[in-house]
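Written below as structure tokens is the structure these notes are about.
Numbered from 1 within each chain, the chains take letters A, B, ... in sequence-line order.
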There are 2 protein chains.
Amino acid sequence: MTRMTAADRRSALVLAALRVVADRGVAQATTRAIVAEAGMSLASFHYAFASRDELMTELIRHVMRAESTAVLPDPADAPADGQAPTGPTGPAALRLLLRHGLGRYAEHLRQDPLREKAMLELTQYALRSVEMQPLAREQYDGYHALAALALTSAAEQSGSVWLRPVDEVARLLVALTDGLTIAWLVDRDDPATEALLDTIADAVAALGRPA
Amino acid sequence: MTRMTAADRRSALVLAALRVVADRGVAQATTRAIVAEAGMSLASFHYAFASRDELMTELIRHVMRAESTAVLPDPADAPADGQAPTGPTGPAALRLLLRHGLGRYAEHLRQDPLREKAMLELTQYALRSVEMQPLAREQYDGYHALAALALTSAAEQSGSVWLRPVDEVARLLVALTDGLTIAWLVDRDDPATEALLDTIADAVAALGRPA
DNA sequence: GTCTATAAAGTGATAGAC
DNA sequence: GTCTATCACTTTATAGAC
């Protein structure tokens, strides 16, 4: 019917696949379900992709890129590199910065739970395939680097230093977000999650001290 | 061929299904794969279970029961209820108790990574089904209760009290184990995981103080 | 009770008309 | 390039012989 470039068709199929995975899960993301969501014929799928696995690989690559930017703090909120702290400093300030960042993630999770559920499923899916496992690894390397950046920025902004290497605190932070995501997806307990965010902020802030 | 009671056959199929899920994933745990693993015919499956979903429900129920006991500390290590601390006390003792318990979990994970991968997959699977979702919720309620018990015991043993409600610290601990499990399954980075355990012990111990 | 054989539906992928 | 029609295979589940 409609003429599209192969690249446009691939990207449309990837986006449709993401919606299907989010709504119904990886197992139900069949080629037929995906082309129906994209409004294409089955043959168009195989014109754009050699196989379902090729699409899944591209899908995983796509969500990993998108996720990294989605969790990034608004650049307007961050001070320029190497600048001196502008607001209040000390342990309480560090704790507040952490609490604020965590709250933003929780809000993101509540607003689009299917998306985070899909991310977890896609990670598991990648872990089952030798070809895709490196993608999962790259993704988590990216998360760790991103968390390290955010933690360094928070320390600078609050005039603090970390008592442990920032990479280790970053791994802790990533583990915490994964864990709180699963916990919330399982019981959807908002008050418990808010309390958890407070507890996390306390615990992580205890790993810093005034510079 | 061999005569078995229906209950025996069901339990044999559940155990076979767990092996298949661990080795090849939930998606590959077809009825055929499961009966092959159990050394039965396909018809025997449907004699014992009405459907594949009925088996999966029973499998999830089974692993949840088993997991709770697997992570429990050796009763020989724990002092009797309400007893006064016997060893060293104070923040360092609390941190050491936490680090020890975390180390035991990490060892469990390293020794049987497929099992923990299967647990995560089964949780996701349960979250996709309205009938099985309550099972996931029960499982995590159980985890939280178990973690609260372990944390209370650690505080008693080290003569400490928690600065936050123990249920909140418990939720933190469960989130951390889930998160570190995913991180390790993704990159299998043992040194980073050991460092993470140290960092976790520091951060969580900071939530306690001497009684 | 346990088997073999098969039904019924779904899957990824392709052929061939246009 | 895009479609319909179909192939070859796998899936869950059942029928019916023994």
Side-chain angles (χ1 to χ4, degrees), chain A residues 1-21 23-61 121-122 124-126 128-132, chain B residues 1-60 121-122 124-126 128-132:
Chain A
M1 185 77 77
T2 324
R3 290 292 163 102
M4 305 178 69
T5 70
D8 281 352
R9 199 170 282 281
R10 282 171 73 97
S11 130
L13 282 167
V14 165
L15 293 177
L18 178 53
R19 289 194 295 272
V20 175
V21 169
D23 286 347
R24 283 175 273 169
V26 173
Q28 298 300 311
T30 64
T31 53
R32 282 175 165 81
I34 293 167
V35 296
E37 174 74 26
M40 296 181 194
S41 75
L42 188 54
S44 296
F45 180 98
H46 285 287
Y47 181 77
F49 288 98
S51 70
R52 178 178 181 271
D53 253 31
E54 191 180 303
L55 168 83
M56 293 303 285
T57 305
E58 186 122 325
L59 171 59
I60 289 174
R61 230 189 287 271
E121 273 189 45
L122 287 171
Q124 304 271 347
Y125 184 78
R128 286 287 176 193
S129 145
V130 279
E131 300 93 22
M132 300 180 193
Chain B
M1 184 77 78
T2 325
R3 289 292 165 105
M4 305 178 68
T5 71
D8 281 352
R9 198 169 281 280
R10 283 171 73 95
S11 130
L13 282 167
V14 165
L15 294 178
L18 178 54
R19 289 194 296 273
V20 175
V21 169
D23 287 347
R24 281 174 275 169
V26 172
Q28 300 299 313
T30 64
T31 53
R32 281 178 162 81
I34 293 168
V35 297
E37 173 75 27
M40 296 182 194
S41 77
L42 190 53
S44 295
F45 179 97
H46 286 287
Y47 181 77
F49 288 98
S51 70
R52 178 177 180 271
D53 252 33
E54 189 179 306
L55 168 83
M56 293 304 285
T57 305
E58 186 122 325
L59 171 58
I60 290 175
E121 274 190 44
L122 287 171
Q124 304 271 349
Y125 184 79
R128 285 285 174 193
S129 144
V130 278
E131 300 91 24
M132 300 179 194

What is the distance, to the nearest angstrom, from the CG atom on B:Leu55 to the C1' atom on D:dA13?
14 Å
Figure out the CG/C1' separation between A:Asp8 and D:dG1, and round it to whole Å.
14 Å
In whole Å, I'd like the distance from the CD atom of A:Glu54 to the P atom of C:dG12.
15 Å
Sub-4.0 Å heavy-atom contacts from residues 36-48 of chain A onto DNA chain D, ordered by number:
A:Ser41, A:Ala43, A:Ser44, A:Tyr47
Rounded to whole angstrom units, what separation is found between the CD atom of A:Gln28 and the C1' atom of C:dT11?
12 Å
Yes or no on side chain to side chain contact (heavy atoms under 4.5 Å, CB included) for A:Gln28 and B:Arg128, after CA distance, side-chain angles and deciding distance?
CA-CA 10 Å; A:Gln28 298 300 311; B:Arg128 285 285 174 193; over 6 Å; no
Could you tell me whether the side chain of A:Thr57 reaches within less than 4.5 Å of the side chain of A:Glu131, counting heavy atoms only?
no
Answer yes or no: is there a side-chain heavy-atom contact under 4.5 Å between A:Met56 and A:Val26?
yes
For A:Arg52 and C:dT14, what is the distance between atoms CZ and C1' respectively, to the nearest whole Å?
18 Å
Does the C:dG10 base have a donor-acceptor partner in the side chain of A:Arg32 within less than 3.5 Å?
no
Roughly, in whole Å, what's the span from CZ in A:Phe49 to P in C:dT14?
15 Å
Shortest non-hydrogen contact from A:Ala38 to A:Ala12?
CB-O, 4.5 Å
Please examine the side chains of B:Asp53 and B:Met132, heavy atoms only from C-beta on, and report whether any two atoms are closer than 4.5 Å.
yes
Under 4.0 Å from OP1 or OP2 of C:dG1: is there any side-chain N or O of B:Arg9 that close?
no
Once ring pair (Phe, Tyr, Trp, His ring centres under 6.0 Å) is applied, what residue pairs with a partner in residues 24-47 of chain B remain, sequence neighbours excluded?
B:Phe45-B:Phe49
